[in-house]
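For reference, the structure discussed in these notes is given below.
Side-chain atoms are counted along with the backbone in the values below, which use heavy atoms only and exclude waters and symmetry mates. Naming: A, B, ... by sequence-line order, numbering from 1 per chain. If you're wondering where the values come from, they're calculated on a predicted model, not measured in any experiment.
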Amino acid sequence: MIEAIQLSKVFNGTTAVSNLDVNIRTGEIYCLLGANGAGKTTTINLFLNLVQPSNGSARISGMDVTKYPIETKQKLTYIPENLSLYPGLSGIENLQFFCGLSGLKLTSDDAALFLEQSGLQASAVHDRVSTYSKGMRQKVGIALAIARKSDVLLLDEPTSGLDPAASNDFAGLLTEMKERGAAVLMASHDLFRAKETATRIGIMNKGILVEELFAGDVTHSDLEKIYLNHMRD
Amino acid sequence: MVISSIARNEVQRLIRDKVVTALGLLIILLIASSIATGVIYFRELEAQHQQAEQLARAQWENQGEKNPHSAAHYGTFAFQPVTVVSVFEPGVNRYTGVSLFLEGHRQNFAAHSLAEDKDTSRRFAELTPAFIFTYLFPLFIILAGYRSVTGERESGMYRFLKSQGIGRFQVIAGKTIGLWVVVLLIFLPFLLIGLALLLFTTPSGTDVWRFVLMATIWLLYFGVVANITIGVSALVNSSGTSMVLLLSLWILSSLLVPRLATNIASTLHPVPNTSEFLQAVQNDLMHGIDGHNPFSEHSLAFQDSVLAAHGVDDIADLPFNFRGLMLQEGEEFEKRIFDYHLGKIDAIHQRQNHFFSLSSLFSPTIAARLSSMSVAGTDMVAFRHFTASAEEFRIALMRELNMDLKMNAVGERAAGYTVDGSFFAQTISFTYERPEKVLLARSQLIPISLTMLWFLLSAIFLGFAARIQEEV
């Protein structure tokens with residue numbers, strides 16, 4: 001569903017991602033861990049076709065994102081660390097707008113329903129997004145994925161800056177998305193959330209995927225030790 | 001579909017932006033108040049004109065018993081009618097005036113009183129709809145649109161949109177259309193008020209065309225500003241840079257280029273001052289017949305030729321009043337001299353105006369304003385048409401007076417010849433017929449073509465900004 005084959009990106013002689021091979025299946029949450037500059041965001045950007053690969057291929061649902069940029073983007077929803085929404089519009093209006101961009105017309109009631117499914121309080125859906133907390137904005141992103149029936153979610157530090165409760169809510173939503181059959185690629189610094197939420201975890205360092213493991217096979221403390229060992233390299 | 005969604009969103013965003021809304025309302029308020037002021041001015045001027053025209057004619061007709069040539073010196077006035085279109089675009093009318101004093105022996109040149117020396121930038125400085133559209137409306141467009149694309153980039157929205165499969169072209173096209181729609185929403189009251197005024201007054205078909213063309217020109221101009229605004233916002237990295245750049249372009253187009261063009265035009269094609277002009281006219285008048293001086297060399301030569309042609313030795317033996325003939329001959333000579341010198345000044349002004357028109361290549365503001373004045377019939381070309389008609393009338397009236405003197409002041413009636421008051425009521429009167437055509441001269445096509453060219457260039461610029469490949 002989400003596949004990188006020998007995927008590399010070099011910026012002005014500096015390797016950001018090197019020969020990445022990863023395959024994330026339907027119903028799987030794959031968490032990319034790594035320090036700043038490890039290449040997590042570049043990997044996400046490569047799948048979004050926001051940057052062109054220097055080598056290799058990034059595929060969504062079997063389609064190379066550089067050859068099928070529109071088709072692949074129609075299958076995915078991207079939620080960055082700070083989801084950009086129009087502050088002057090309500091949650092409903094934002095959702096209607098973004099769904100409208102992919103040709104999906106939502107009534108206000110439909111939009112409200114999706115927002116509520118994503119955990120947003122019914123009383124907030126008509127409020128302007130400028131009044132939303134970060135956690136509430138991230139929920140609009142999940143609502144977008146639900147509304148668009150996205151097969152793929154690409155998340156870049158989605159829980160960064162969220163309070164524990166909001167972070168926990170968000171993890172719950174991701175699990176729901178996984179159960180709906182979505183393939184999720186999430187870049188994160190958060191070892192605890194990765195262990196709790198992910199199916200598999202990949203650790204990146206200096207653009208290289210240095211280790212891959214199943215979340216269920218390790219404890220929190222094992223994961224921390226493995227991670228720190230790689231970061232010292 | 002995507003473009004229209006982005007456009008709709010942009011309209012929604014702009015309407016909910018308090019600063020944009022406040023500025024938009026301010027612009028609408030200014031337009032409304034300038035139209036109201038213009039209508040009051042128009043009505044006052046129209047009433048004053050009718051009153052003054054009637055008064056001038058009444059004074060002319062009630063001069064009482066008088067020698068016809070004395071009446072020529074008494075003189076009368078010609079008035080250029082004001083039109084409802086001038087409420088929106090008064091053009092040069094407020095500077096040139098719309099009346100002309102007509103008298104014997106000389107062309108009064110209110111239109112040429114070196115008034116055209118007044119620099120064009122000053123002509124721009126009235127709070128009229130045209131002034132608001134020239135200067136303030138572009139500022140509103142800039143303030144509404146300078147962060148259309150940079151703002152999206154800065155907030156991360158642009159990246160998010162791209163992640164949705166939205167291309168740069170779609171974002172920029174949607175933003176541009178959104179801005180155009182907001183511009184139209186603010187321009188709409190002007191259109192409605194204008195059409196209402198045209199309906200509630202009695203405009204000629206030409207006036208309706210003039211208004212429609214004027215509105216089209218302003219819309220083209222706003223399109224130019226909107227295209228450049230979005231294009232710049234798409235090409236630069238920050239909203240601050242975008243605003244500084246756009247305001248610099250506004251200053252360049254609205255203030256600097258018009259000022260420079262005016263100064264260069266005056267330097268390249270200097271107009272003689274009033275005293276030089278009058279001295280030159282006076283010098284040339286010395287070389288021809290002076291209707292009031294029968295003893296000048298030219299008058300005596302003319303007298304000899306007339307006497308010889310009629311085979312008599314004395315003007316008293318002529319079958320008509322020689323003085324009337326000589327006054328008419330002098331009038332025609334003086335007209336040739338005035339035509340020659342005013343023609344020279346007119347040619348200089350035309351060269352200045354031509355240069356100024358061409359400077360529209362560097363300023364869409366000049367292009368739009370000159371075009372607007374041209375189609376509104378309030379530019380110098382239209383004013384020249386009025387003064388030429390008034391001059392034609394003056395010459396016809398002088399001929400009528402002089403011919404009466406020539407034909408009737410004969411024999412015993414010659415000495416102390418006068419006509420009674422009823423004579424003046426029968427003389428021709430002046431009613432200025434506005435031309436049916438909207439445009440009167442090819443030169444008026446220059447700014448109009450350049451306005452269209454600017455629109456085309458701005459669209460190409462926008463297209464270029466939308467097609468650049470980038471990595472986000």
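- Dense packing is recorded around CD of A:Gln6, with more than 12 heavy atoms of other residues, nucleotides or ligands lying under 6.0 Å away.
- There is no contact between B:Ile3 and chain A, counting heavy-atom distances below 4.5 Å.
- Only the side chain of B:Glu152 comes within contact range of chain A, judged by heavy atoms closer than 4.5 Å.
- The two atoms that bring A:Ser84 and B:Ser155 nearest to each other are OG-O, 2.6 Å, heavy atoms only.
- The local environment of NZ in A:Lys206 is sparse, with at most 12 non-hydrogen atoms from other residues, nucleotides or ligands closer than 6.0 Å.
- Here the straight-line distance linking atom OG1 of A:Thr77 with atom CZ of B:Phe160 works out to 7.5 Å at 0.5 Å rounding.
- Heavy atoms of A:Leu144 lying under 4.5 Å from chain B belong exclusively to its side chain.
- Listed in order of number, the residues of residues 85-102 of chain A that approach chain B to under 4.5 Å between heavy atoms are A:Leu85, A:Tyr86, A:Gly88, A:Leu89, A:Ser90, A:Glu93, A:Phe97, A:Phe98, A:Gly100, A:Leu101.
- At distances below 3.5 Å, not a single donor-acceptor pair connects side-chain atoms of B:Ser163 with backbone N or O atoms of A:Leu48.
- Heavy-atom neighbours of B:Phe461 CZ from other residues, nucleotides or ligands within 6.0 Å: above the threshold of 12.
- Within a 6.0 Å sphere centred on NZ of A:Lys73, heavy atoms belonging to other residues, nucleotides or ligands number more than 12.
- The part of A:Lys105 that comes within reach of chain B is its side chain, from C-beta onward, which places non-hydrogen atoms under 4.5 angstrom from that chain.
- Rounding to the nearest 0.5 angstrom, the gap separating the CG atom in A:Leu83 from the CE atom in B:Met157 is 7.5 Å.
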